[in-house]
Q: 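Got a structure for you, written out below as structure tokens; questions coming shortly.
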Amino acid sequence: MLKQQAFELNIQVDKTLCKVKSIKPREECGVFAIYGHANAAELTYYGLYALQHRGQESAGIASFSPSKLHLQVFKGMGLVSQVFDTHSLASLQGTMAIGHVRYSTTGSSTLLNAQPIVVSCSKGELALAHNGNIVNAASIRRELENKGSIFQTTSDSEVILHLMAQPTKEDIIGSFIHALKKIRGAFSCVLLTRKGIMAARDPLGFRPLSLGTIESGYVIASETCAFDLIHAEYLRDINPGEVIFIGEEGLQSYSLNENVSRKAFCIFEYVYFARPDSNIAGLNVSKARIQMGRELAKLYPVDADIVVPVPDSGNYAALGYSEQSAIPYYPAFVRNHYIGRTFIQPTQLIRDFSVRIKLNLIQQAIKGKRVVVVDDSIVRGTTARARVVNLREAGAKEVHIRVSCPPHRFPCHYGIDFPNPKSLLANQLAAEDICKYLGADSIGYLSHEAMIKACSEACTEFCTACFTGKYPVDFDPDLDKMILERRPFFENFS
């Protein structure tokens, strides 16, 4: 009991310090690029629209036209539809463009850190959009600042541009490769120059990045769902450790030559992040989630009347659980898709405002039923607990929780905003105690082996550090997302 109370206190402290923190793991970022199309900026806008689920804090587009002296960029805070209008898109001329939607994995959520980041240096004008997290960014930045570099953001992404700007005899492609060889961690990024577009993926392939064609041009996107919206044709995934350049001579491919035989694709892309209509490494995301649900039903069967998904990320796992168990699938949670920022804080008149405003129950479907609730993950447990309360209030006879991934016990250092380990429910309580904390009749997590099996059609080499604590790339043990802001301003003069 004392441990549970201590955990609840920990959550409250975490909320107080962080003000607004998602109960779910936050999306990372989404990148998009197009080369060789008259409506490059407009198509980039639609591509970012399809990738909106990967970041809702800011959005930006950079483009280049030979008729202009400089790269053009427009970015702002908010959703894609809030940042851009017909006037701003019309100002982004040219046949090549890159775009970015952001959630701040490193660096605060401000316009200063919105991407693409545009700089002018000895290599010309460059615009960068990056998805991932560079784990040695702080040490590289400190080294560069000691040499006189002046940074304009607190984002880890900017170190790539500063490394490129260092005096070398290499051309712009060589400079990009040289810079990428110095950084460690996760990066899937696109770079706009006056001569063409470059794209790269880290040697372990943490984050997805795909290549497609549209008419006579090329398209690059974090997920293939962006291709579908603009009627682009998928060609292939950009390989781990691959750098490509698209210019007047077509597409050229280079290697980072890291001699890394293993891979570490983030399996949480299949569990939660990626859109179900995307294909990653040849495997459709919805298919993987359905299989996770099937495996979950094999591991944790239960006598129940209905299987209820937690929308939207639990929909397909619940479908798989229903198919495997032959228990009817019923979407009893109704999601409000039109939630904006509220300018007043809810009072005690609405006890669980944050839960009810997003999901409401069809009570007639629940009353007197034994319910299996399928969710993709439980992080802090506060929302899951509130849902169980709502189900009980609606008259559920039994509530059984099933989770389509293993328990989260460790933070991610490669681009996912998992909270402090002390705030992770499974890191503080055993499964039996979690069940009691949530107020459920039973709980079952998908095993690590079953999760890998469900995704084995794509590959068998994944990063599962948030479940196992086995990190494929070493990192600073004091690393956190705000490290670049917490360094004393005059530390170099002490």
Side-chain angles (χ1 to χ4, degrees), residues 30-51 58-76 80-102 111-112 114-130 152-153 157-158 160-162 164-165 170-176 179 189-200 211-221 226-227 229-233 243-252:
V31 301
F32 186 91
I34 185 166
Y35 178 91
H37 197 285
N39 303 109
E42 183 179 346
L43 290 180
T44 300
Y45 167 83
Y46 288 116
L48 294 181
Y49 211 99
L51 298 173
S58 65
I61 296 174
S63 69
F64 175 69
S65 170
S67 64
K68 298 287 184 179
L69 293 176
H70 303 286
L71 301 186
Q72 303 119 63
V73 63
F74 190 91
K75 52 190 177 180
V80 174
S81 60
Q82 297 168 331
V83 172
F84 297 99
D85 55 24
T86 52
H87 177 74
S88 58
L89 287 174
S91 69
L92 297 167
Q93 300 176 19
T95 59
M96 55 181 175
I98 66 170
H100 188 267
V101 287
R102 183 174 191 263
L111 182 58
L112 185 73
Q115 297 188 25
I117 302 172
V118 180
V119 299
S120 181
C121 64
S122 61
K123 301 299 188 297
E125 284 188 302
L126 308 172
L128 176 74
H130 167 229
Q152 59 178 311
T153 78
S157 310
E158 192 181 354
I160 298 174
L161 295 171
H162 280 265
M164 287 187 68
E170 297 169 321
D171 61 12
I172 196 165
I173 299 174
S175 296
F176 190 44
C189 54
V190 290
L191 183 77
L192 174 67
T193 75
R194 295 170 66 92
K195 294 183 178 180
I197 286 175
M198 284 183 272
L211 174 68
T213 59
I214 182 167
E215 297 176 9
S216 59
Y218 288 94
V219 188
I220 300 161
F227 296 164
L229 184 61
I230 64 171
H231 300 290
E233 181 182 352
V243 178
I244 65 171
F245 175 75
I246 305 170
E248 291 182 355
E249 297 181 4
L251 187 148
Q252 304 169 49

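Keep in mind that the numbers below use all heavy atoms, side chains included, and drop hydrogens, waters and symmetry copies. Keep in mind that this is a model prediction, so the values were computed, not measured.
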Q: Who passes side chain to side chain contact (heavy atoms under 4.5 Å, CB included) against Ala114, sequence neighbours left out?
A: Ser58, Lys75, Leu111
Q: Rounded to the nearest 0.5 Å, what separates atom NZ in Lys123 from atom NZ in Lys195?
A: 11.5 Å
Q: Please list, chain by chain and in numerical order, all residues satisfying side chain to side chain donor-acceptor pair (under 3.5 Å) with Ser157, sequence neighbours excluded.
A: Gln115, His130, Ser155
Q: Quick one: list whatever passes side chain to side chain donor-acceptor pair (under 3.5 Å) with Thr193, sequence neighbours left out.
A: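 Testing Thr193 for side chain to side chain donor-acceptor pair (under 3.5 Å), a comparison that skips the adjacent residues, returns none.
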Q: With sequence neighbours excluded, tell me which residues meet side chain to side chain contact (heavy atoms under 4.5 Å, CB included) with Thr95.
A: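 By the side chain to side chain contact (heavy atoms under 4.5 Å, CB included) rule, Thr95 matches no residue at all.
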Q: Excluding sequence neighbours, so at least two apart, what forms side chain to side chain contact (heavy atoms under 4.5 Å, CB included) with Ala232?
A: Ile214, Val219, Phe227, Ile230
Q: Among Ile117, Thr153, Val118, find the one that has a side chain to side chain contact (heavy atoms under 4.5 Å, CB included) with Leu161.
A: Ile117
Q: What are the two closest non-hydrogen atoms of Ala127 and Ala62, and how far apart are they?
A: CB-CB, 3.8 Å
Q: Closest heavy-atom contact between Cys189 and Phe176?
A: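 Shortest heavy-atom contact: SG-CZ, 4.0 Å.
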Q: Run Leu128 and Val119 through side-chain contact (heavy atoms from CB on, under 4.5 Å) and show every step you take.
A: CA-CA 9 Å; Leu128 176 74; Val119 299; over 6 Å; no
Q: More than 12 heavy atoms of other residues, nucleotides or ligands under 6.0 Å from OH of Tyr49: yes or no?
A: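 Check fails, neighbour count at 12 or below.
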Q: Can you see which heavy atom on Ala40 is nearest to which on Ile34, and at what distance?
A: O-CG2, 3.5 Å
Q: Closer than 3.5 angstrom, by distance alone: can the side chain of Ser63 be matched with the main-chain N or O of Gln93 as a donor-acceptor pair?
A: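 Indeed, once roles are kept as given, a pair shorter than 3.5 Å links the two residues.
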Q: Kindly write out the residues that satisfy side chain to side chain donor-acceptor pair (under 3.5 Å) with Gln252, not counting sequence neighbours, or none if the list is empty.
A: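 Partners of Gln252 under the side chain to side chain donor-acceptor pair (under 3.5 Å) test: Tyr254.
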Q: For Gly99 and Ala129, work out which heavy atoms get closest and say how close.
A: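 Closest pair (atom of Gly99, atom of Ala129, distance): O-CB, 3.8 Å.
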Q: Side chain to side chain contact (heavy atoms under 4.5 Å, CB included) with Ile61: which of Val73, Ile98, Leu92?
A: Leu92
Q: Might you point out which heavy atoms bring Ala199 and Val190 nearest each other, and give the distance in Å?
A: CB-CG1, 4.0 Å
Q: Less than 3.5 Å apart, which donor and acceptor atoms pair up between the side chains of residues 80-87 and the rest of the protein, not counting sequence neighbours?
A:
from	atom 1	to	atom 2	distance (Å)
Gln82	OE1	Leu79	N	2.8
Asp85	OD1	His87	N	3.1
Asp85	OD1	Ser88	N	2.8
Asp85	OD1	Ser88	OG	3.1

Q: Would you give the length of the straight line joining atom CG of Leu126 to atom CE of Met198, rounded to the nearest 0.5 angstrom?
A: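 Atom-to-atom, Leu126:CG and Met198:CE are 7.0 Å apart.
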Q: Please enumerate all residues that pass side chain to side chain contact (heavy atoms under 4.5 Å, CB included) together with Thr213, with sequence neighbours excluded.
A: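 Only Tyr218, Glu233, Leu235 meet the side chain to side chain contact (heavy atoms under 4.5 Å, CB included) criterion with Thr213.
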Q: Atom NE2 in His100, atom CG in Leu48: separation rounded to 0.5 Å?
A: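 Rounded to the nearest 0.5 Å, the NE2-CG separation comes to 9.0 Å.
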Q: Let's go through Ile244 and Ile220 carefully: what are the C-alpha distance in whole Å and the side-chain angles of both, what is the deciding distance for side-chain contact (heavy atoms from CB on, under 4.5 Å) to 0.1 Å, and is it a yes or a no?
A: CA-CA 10 Å; Ile244 65 171; Ile220 300 161; 3.9 Å; yes
Q: To the nearest 0.5 Å, what is the distance between CG on Leu89 and OH on Tyr45?
A: 7.0 Å
Q: Hey, could you give me the CZ/CG distance between Phe64 and Leu192, rounded to the nearest 0.5 Å?
A: 8.5 Å
Q: Could you go through the side-chain contact (heavy atoms from CB on, under 4.5 Å) check for Ile172 and Met164 one step at a time?
A: CA-CA 8 Å; Ile172 196 165; Met164 287 187 68; 4.0 Å; yes
Q: In chain order, what residues pass the ring-ring contact (aromatic ring centres under 6.0 Å, His included) check against His162, with sequence neighbours excluded?
A: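 Result, ring-ring contact (aromatic ring centres under 6.0 Å, His included) vs His162: Phe151.
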Q: Check salt bridge (Lys or Arg N to Asp or Glu O under 4.0 Å) between Glu125 and all other residues, then give those that pass, not counting sequence neighbours.
A: Arg194
Q: Test of understanding: with side chain to side chain donor-acceptor pair (under 3.5 Å), list the residues that count as partners of Ser67, not counting sequence neighbours.
A: Ser65
Q: Closest heavy-atom contact between Glu248 and Tyr35?
A: N-OH, 3.3 Å
Q: Do side-chain atoms of Glu215 reach the backbone of His37 as a donor and acceptor pair under 3.5 angstrom?
A: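 Checking the backbone N and O of His37 against the side chain of Glu215, no donor-acceptor pair under 3.5 Å is found.
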